[in-house]
There are 2 protein chains.
Amino acid sequence: MTHFHDPTTCQSCAQRFTSVFCKAKQEFIAEINEQKICNIYKKGQTLFNEGSYPFGVYCINDGKVKLSHLGDDGKEQIIRLLRGGDVLGYRALLSGERYSASAIALEDTQVCFIPKELFISVLKSDTGLAFEMMKLLSDELHKAEVKLTHLAQKPIRERLAETLLFIKETYGFEADGVTLSVRLSREEIANLVGTATESTIRLLSEFKKDGMVELDGKKIKILRQKELIKTANLQD
Amino acid sequence: MTHFHDPTTCQSCAQRFTSVFCKAKQEFIAEINEQKICNIYKKGQTLFNEGSYPFGVYCINDGKVKLSHLGDDGKEQIIRLLRGGDVLGYRALLSGERYSASAIALEDTQVCFIPKELFISVLKSDTGLAFEMMKLLSDELHKAEVKLTHLAQKPIRERLAETLLFIKETYGFEADGVTLSVRLSREEIANLVGTATESTIRLLSEFKKDGMVELDGKKIKILRQKELIKTANLQD
DNA sequence: TAAGATGCATGATTTTTGTCATGTTTTGAA
DNA sequence: TTCAAAACATGACAAAAATCATGCATCTTA
């Protein structure tokens with residue numbers, strides 16, 4: 001369905017100014033360009049699975065991916081949402097463990113794969129890139145800690161509002177300027193919020209009744225963002 | 001009250017084999033040794049405050065420290081517990097932000113301070129140390145993600161059991177082999193679990209009734225660890 | 001040592017959230 | 001196109017957890 005351009009070079013990739021790799025030296029980018037393997041994953045396909053060993057890192061060229069853990073009772077917890085320019089798979093690689101989460105395409109997605117050895121060797125030779133990786137990890141850690149605090153302290157209504165804003169922040173709107181440009185099931189939204197699917201459905205209906213959102217199947221329109229922000233009760 | 005040895009050198013520091021810095025090259029350790037500043041923080045004193053700018057990293061020589069966020073309603077959320085050999089303050093430094101959490105001594109604690117410039121310059125010259133930092137960050141990120149999932153999916157009873165095991169894992173037992181060697185208030189335990197103080201008190205009483213723990217003020221003895229593990233309902 | 005403050009404990013109650021049941025709608029594959 | 005499966009929706013109920021109130025114990029410090 002979705003159409004992607006023919007395999008591009010890293011030097012002309014649409015994400016060359018946004019991903020962490022944009023900070024790598026030219027010579028290394030050339031090397032990455034030679035060894036990278038581009039692939040297209042259809043909606044629902046798995047990039048990698050929790051529990052398996054990493055062989056490299058993935059760089060999203062275009063598309064949307066969710067990263068999710070399985071809880072001890074087998075329930076999905078969505079940890080992160082990724083878009084073009086985002087890199088994934090580095091955490092397990094750097095700590096030398098198996099993947100602790102699965103990556104699944106939310107829509108048809110084009111991804112470049114960079115082999116482990118190359119990634120590590122570039123990281124060794126390119127201090128700037130290493131610092132970028134440390135910054136990336138630090139930022140993710142920060143986000144995780146904030147999310148953790150909200151999960152522990154905020155009621156579900158606030159967390160759902162926050163999640164809707166987060167989805168908007170990550171994937172933005174469609175051309176109309178109000179429709180979230182990703183289609184997530186109610187269950188997926190629930191697994192992002194950390195609650196039961198029914199609670200999510202109920203609260204979404206309430207938000208609709210309050211005029212904050214409009215619902216049309218998986219299409220969600222944000223009508224009154226300011227009220228949503230209030231509902232989310234965010235500090236900044 | 002507590003007595004610490006006179007300022008040691010990094011080369012003879014009790015933590016020289018456990019902290020991330022043990023992977024740094026000798027020449028850099030010598031440099032760190034020259035520039036480090038050792039300090040003792042009394043119980044309850046603050047190492048650094050959420051919102052202020054980092055000037056360096058802290059390396060705990062001996063003692064116990066909690067790292068905690070303030071939630072949007074001003075409620076404390078304890079993010080991490082630290083002990084001798086642990087480093088803190090690097091997250092904000094590496095992502096170039098203000099501290100997102102406060103560090104407070106849980107008992108009299110001896111800490112070395114390493115200035116920002118030195119830390120960064122050593123990190124730039126010593127690839128091995130940079131990789132250790134990336135590994136450290138990756139591990140912390142992993143822990144945060146697991147905690148996040150448990151927070152979202154597990155009931156408070158399980159989380160309290162898990163927290164007690166976590167405290168034991170972090171600080172261990174006293175000489176008797178059963179008493180947790182840290183004194184936390186019920187409120188602090190609640191802020192670690194992510195629940196109301198009363199709920200924590202009630203559940204601790206239940207655990208006592210079930211014979212899993214023994215309570216004597218802030219002294220907590222773990223009597224039946226296996227049952228606690230069961231109660232925590234952990235996968236591994 | 002007395003008194004105020006803080007922390008611990010417990011009961012009663014309310015609120016929040018999850019679960020179960022059921023019906024409807026939408027979707028996707030034969 | 002049709003049918004089964006999945007997703008959505010909603011009500012009723014149960015369970016979990018927070019809140020409020022109160023009393024006791026312990027710690028601090030004047």
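These figures come from a predicted structure and were not determined experimentally. Chain letters run A, B, ... following the sequence lines, proteins first, then strands; residues in each count from 1.
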**Request:** Any chance you could lay out the side-chain contact (heavy atoms from CB on, under 4.5 Å) test for B:L137 and A:S138, step after step, and finish with the verdict?
**Result:** CA-CA 7 Å; B:L137 283 160; A:S138 296; 3.7 Å; yes
**Prompt:** Of B:R80, B:Q77, B:K147, which meets side chain to side chain contact (heavy atoms under 4.5 Å, CB included) against A:E145?
**Reply:** B:R80
**Message:** Regarding A:S12 and A:T9, do their side chains bring together a donor and an acceptor under 3.5 Å, going by distance alone?
**Reply:** yes
**Asked** Quick one: A:L215 CG to C:dT25 P, roughly how many Å, whole number?
**Response** 16 Å
**Asked** In residues 145-166 of chain B, which residues come under 4.0 Å of DNA chain D by heavy atom?
**Response** B:P155, B:I156
**Length of the CZ-P vector between B:R183 and C:dC8, whole Å** = 13 Å
**Asked** When the distance from CG of B:D216 to C1' of D:dT26 is rounded to whole Å, what number comes out?
**Response** 12 Å
**Prompt:** So does B:T195 get a side-chain nitrogen or oxygen closer than 4.0 Å to the phosphate oxygens (OP1/OP2) of D:dA18?
**Reply:** yes
**Message:** Can you confirm if the aromatic rings of B:F48 and B:Y58 lie within a centre distance of less than 6.0 Å?
**Reply:** yes
**Asked** Separation of A:E198 atom CD from C:dA21 atom C1', in whole Å?
**Response** 10 Å
**Prompt:** For A:T179, does its backbone N or O pair with a side-chain atom of A:D176 as donor and acceptor, under 3.5 Å?
**Reply:** yes
**Request:** Please determine if A:K64 forms a cation-pi arrangement with A:Y171, meaning its NZ or CZ atom is less than 6.0 Å from the six-membered ring centre and no more than 45° off the ring axis.
**Result:** yes
**Message:** Can you confirm whether the side chains of A:R91 and A:S100 place a donor and an acceptor under 3.5 Å from each other?
**Reply:** yes
**Asked** Rounded to the nearest Å, what distance is computed from the CG atom of residue A:L184 to the C1' atom of nucleotide D:dA7?
**Response** 14 Å
**Request:** Mind calculating the distance between CG (B:L203) and P (D:dA16) to the nearest angstrom?
**Result:** 11 Å
**Fill in**
Whole-Å distance, A:D73 CG to C:dG18 C1', equals 14 Å
**Prompt:** With no hydrogens and no angle check, do the side chains of B:E162 and B:H150 hold a donor and an acceptor under 3.5 Å apart?
**Reply:** yes
**Message:** As a test of reading the structure: which of C:dG18, D:dA18, C:dA9 is closest to the side chain of B:S199, going by heavy atoms?
**Reply:** D:dA18
**Request:** Answer yes or no: does a side-chain N or O of B:K218 lie under 4.0 Å from OP1 or OP2 of D:dT26?
**Result:** no
**Complete:** Rounded to whole Å, CZ of A:R202 lies from P of D:dC13 at a distance of 13 Å
**Asked** Between D:dT10 and A:S205, is there an OP1 or OP2 to side-chain N/O distance shorter than 4.0 Å?
**Response** yes
**Request:** With axes from five pairs an end, tell me the bend angle of the helix from C:dT1-D:dA30 to C:dA30-D:dT1, nearest 10°.
**Result:** 50°
**Fill in**
The residue, A:G217 or B:I201, whose nearest nucleotide of DNA chain C is more 5′ is B:I201
**Prompt:** Would you say B:K208 has more than 12 foreign heavy atoms packed within less than 6.0 Å of its NZ?
**Reply:** no
